[in-house]
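I have placed the structure first, in the form of structure tokens, so that the comments after it can refer back to it.
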Protein chains: 2
Amino acid sequence: MASERSSEKVSEWDAHTAIDEIGDGLFGAELDPGWVVGGGVNGGYVLGVAGRAIAAAVPTKPHPLAVSAHYLSASRPGPARVATRVLREGGTVATVAADVSQEGTTRISVLATYGDLAAMPSDVETTAVEPTLPPLSECVAGSLAPEDFRRIAPVMERFDMRFDPACIGWATGEPSGNGHIQAWMRMADGHELDPVGLLMACDALPPVTFDLGRPGWAPTLELTVHVRAVPAPGWLRLSHRTRNVAGGMFEEDCEVWDSAGRLVAQSRQLAMQPRA
Amino acid sequence: MASERSSEKVSEWDAHTAIDEIGDGLFGAELDPGWVVGGGVNGGYVLGVAGRAIAAAVPTKPHPLAVSAHYLSASRPGPARVATRVLREGGTVATVAADVSQEGTTRISVLATYGDLAAMPSDVETTAVEPTLPPLSECVAGSLAPEDFRRIAPVMERFDMRFDPACIGWATGEPSGNGHIQAWMRMADGHELDPVGLLMACDALPPVTFDLGRPGWAPTLELTVHVRAVPAPGWLRLSHRTRNVAGGMFEEDCEVWDSAGRLVAQSRQLAMQPRA
């Protein structure tokens with residue numbers, strides 16, 4: 001029986017992405033209802049569950065470097081299976097395919113290149129500019145969201161999110177129109193995210209289309225994440241931008257910066273525009 | 001026997017990406033030596049061959065929307081097989097997995113979401129800014145590259161490429177250091193590229209690391225392309241940028257703009273830095 005103290009040692013993220021190997025490269029998981037948003041389960045969370053199974057499939061390559069997910073159907077809370085297949089394992093990187101399914105229906109199909117970020121060179125010549133955010137105390141906590149918003153997005157309870165006031169006009173009916181949302185973020189239970197957790201962080205902010213005055217659900221077709229470093233402990237800064245809203249679709253670029261000022265993850269997704 | 005005139009009707013691109021269905025979802029192809037660069041075959045070309053096979057596997061969804069490729073081993077000129085597997089086909093989009101192999105070794109593994117760009121909405125609210133390039137006559141033709149460069153990169157013969165002089169300093173030992181290369185581009189035979197051809201266009205420019213003074217080969221780990229519209233006829237403008245050279249890797253973002261000023265494709269790849 002776990003004592004209160006030992007249960008504190010397991011982060012909510014680790015508990016919600018726990019997997020059991022039930023066959024050769026086949027893992028069982030339980031998608032937690034705490035990640036529901038709208039009619040499904042947050043896509044970044046489902047990718048994180050897949051990411052954990054992939055890490056288990058190639059133990060000497062614990063970290064995602066590049067992970068591409070194509071979304072086939074909406075995930076639901078409840079049991080899920082992750083079938084992994086190692087396509088190639090070399091000295092530095094491994095390539096793994098993974099499918100997350102529920103009751104025989106594929107939810108997401110994933111191709112991943114994994115490695116060991118701790119063994120990579122330490123050079124940093126990043127020219128991308130860190131997001132400028134007001135101090136935490138001047139940002140808007142996600143917990144201040146209206147009750148009806150939080151009811152359809154329990155996923156918001158997983159994070160301590162502090163939005164840049166300049167990008168939060170959509171919450172009060174005054175979207176900036178810039179296609180930009182940024183926030184401080186850490187997990188609600190105070191635990192740090194590991195590199196697999198960054199797969200989820202890249203899909204944690206609301207869709208950038210909120211800032212364009214389109215508050216509906218934006219179904220992801222594809223999401224690719226590059227994880228570039230193990231994040232330093234502390235608050236992360238997340239930024240979502242779009243520059244090509246066209247043809248019924250839009251791209252959403254996410255950057256994740258850590259407390260040490262390193263660009264630790266970059267992602268891009270292609271999503272369908274919300275219906276007007 | 002083909003007359004000279006009818007042979008002109010088939011573009012080099014179509015000829016080099018021709019596929020034969022040799023089994024259920026299994027296609028034979030011949031990787032043309034004209035696409036060699038350094039020790040292998042251009043990765044965008046191999047992705048184009050895969051893209052053609054995927055289009056054949058889902059005939060009512062002829063166009064790539066989002067295509068993710070993970071590169072497992074270097075392709076060589078000669079016979080190749082593309083094994084496709086339709087994961088889901090709905091009313092609007094289909095998701096297909098494809099593996100390109102040679103002599104039993106997987107070269108690239110692909111996940112693709114295909115649809116019909118002609119059936120998508122016509123809205124364009126792009127805020128990304130078109131690349132500014134000098135007129136063709138003031139740009140530097142790829143055909144002016146030194147003989148020894150062209151010998152290791154026959155792929156350059158496939159294109160009529162006109163580089164922005166501001167981004168071509170690397171060719172004379174004076175890289176700008178900005179991590180930016182841009183050029184006008186069309187196929188050498190004057191034929192237009194279709195949406196599948198844009199998969200290749202996103203990997204047609206030299207690696208952006210040339211502009212950082214690192215002229216070596218940069219092995220791609222992963223390349224994802226979003227194709228957003230059928231390109232208008234005429235010259236394309238290609239732009240490569242990097243903003244996160246770190247940890248032994250770098251990301252390379254490509255934009256493809258058509259002659260009508262539309263951002264028709266966006267891609268990002270993760271590659272290993274060239275050795276110093």
Side-chain angles (χ1 to χ4, degrees), chain A residues 65-73 87-88 90 92-93 95-97 99 105-106 109-113 115 117 119-129 178-179 212 221-224 226 228-229 241-251 253 255 262-263 266-270 272-273, chain B residues 65-73 87-88 90 92-93 95-97 99 105-106 109-113 115 117 119-129 178-179 212 221-224 226 228-229 241-251 253 255 262-263 266-270 272-273:
Chain A
L65 303 181
V67 179
S68 310
H70 288 242
Y71 287 76
L72 280 67
S73 60
L87 304 177
R88 178 182 175 275
T92 308
V93 300
T95 312
V96 183
D99 291 297
T105 300
T106 305
S109 195
V110 178
L111 279 176
T113 298
L117 288 166
M120 300 296 284
S122 60
D123 64 292
V124 179
E125 295 169 71
T126 303
T127 55
V129 178
N178 294 327
L212 299 174
L221 295 175
E222 179 270 335
L223 168 63
T224 293
H226 296 173
R228 301 296 299 277
R241 283 185 196 277
T242 187
R243 302 160 62 242
N244 196 17
V245 178
M249 301 178 282
F250 68 101
E251 103 287 22
D253 282 1
E255 291 182 2
R262 178 116 183 226
L263 178 49
Q266 290 170 280
S267 75
R268 177 173 290 163
Q269 67 172 271
L270 183 67
M272 304 296 282
Q273 288 175 25
Chain B
L65 303 180
V67 178
S68 310
H70 288 242
Y71 287 76
L72 280 68
S73 60
L87 304 177
R88 178 182 175 275
T92 308
V93 299
T95 312
V96 183
D99 291 297
T105 300
T106 305
S109 195
V110 179
L111 280 175
T113 298
L117 287 166
M120 300 297 285
S122 60
D123 63 292
V124 180
E125 295 169 72
T126 303
T127 54
V129 178
N178 294 326
L212 299 175
L221 295 175
E222 179 270 336
L223 167 64
T224 293
H226 297 172
R228 303 294 300 276
R241 282 184 196 278
T242 187
R243 302 161 62 242
N244 196 18
V245 178
M249 301 179 282
F250 68 102
E251 103 287 24
D253 282 1
E255 291 183 0
R262 178 119 181 224
L263 178 50
Q266 291 170 281
S267 75
R268 176 173 292 163
Q269 67 171 269
L270 184 66
M272 304 297 283
Q273 289 175 26

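Order of the sequence lines fixes the chain letters, A, B, ..., with proteins taken first and strands second; residue numbering starts at 1 for each chain.
We find the CG-NE2 distance between A:Leu111 and B:His70 to be 5.0 Å, quoted to the nearest 0.5 Å. A distance of 13.0 Å separates CD of A:Glu251 from CG of A:Leu221, quoted to the nearest 0.5 Å.
A search for side chain to side chain contact (heavy atoms under 4.5 Å, CB included) contacts involving A:Ser73 returns A:Thr105, A:Arg107, not counting sequence neighbours. Residues forming a side chain to side chain contact (heavy atoms under 4.5 Å, CB included) with B:Ala128 (at least two apart in sequence, or on another chain): A:Arg243, B:Thr126, B:Trp257, B:Leu263.
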Between A:Asn244 and B:Glu255, is the side chain to side chain donor-acceptor pair (under 3.5 Å) condition met? List the steps.
CA-CA 11 Å; A:Asn244 196 17; B:Glu255 291 183 0; over 6 Å; no
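Heavy atoms of B:Ala112 lying under 4.5 Å from chain A belong exclusively to its backbone. Both the backbone and the side chain of B:Ala66 come within less than 4.5 Å of a heavy atom in chain A. For a residue to count as touching a neighbouring chain, one of its non-hydrogen atoms must lie under 4.5 Å from one of that chain's; by this rule A:Thr95 touches chain B with the side chain only. Of the two parts of B:Gln273, only the side chain, counted from C-beta on, holds a non-hydrogen atom closer than 4.5 Å to a non-hydrogen atom of chain A. In this structure, the portion of B:Gln269 lying under 4.5 Å from any heavy atom of chain A is its backbone and not its side chain. Neither the backbone nor the side chain of B:Thr106 comes within contact range of chain A, judged by heavy atoms closer than 4.5 Å. Looking at B:Leu65, both its backbone and its side chain come within 4.5 Å of chain A, counting heavy atoms on both sides. Heavy atoms of B:Ser109 lying under 4.5 Å from chain A belong to its backbone as well as its side chain.
Residues A:Met120 and B:Met272 have side chains in contact (heavy-atom distance under 4.5 Å, counting atoms from C-beta outward). At a threshold of 4.5 Å between non-hydrogen side-chain atoms, the residues B:Arg228 and A:Leu270 count as touching.
The nearest pair of heavy atoms linking B:Leu212 to B:Gly179 is CD2-N, 3.5 Å.
Chain A forms more heavy-atom pairs under 4.5 Å with one residue of B:Thr127, B:Asp123, B:Thr92 than with any other, namely B:Asp123. In terms of heavy-atom pairs under 4.5 angstrom with chain A, the leader among B:Ser122, B:Ser68, B:Ala97, B:Ala69 is B:Ser68. Ranking B:Met249, B:Glu222, B:His226, B:Arg262 against chain A, the residue ahead of the rest is B:His226, based on heavy-atom pairs under 4.5 Å.
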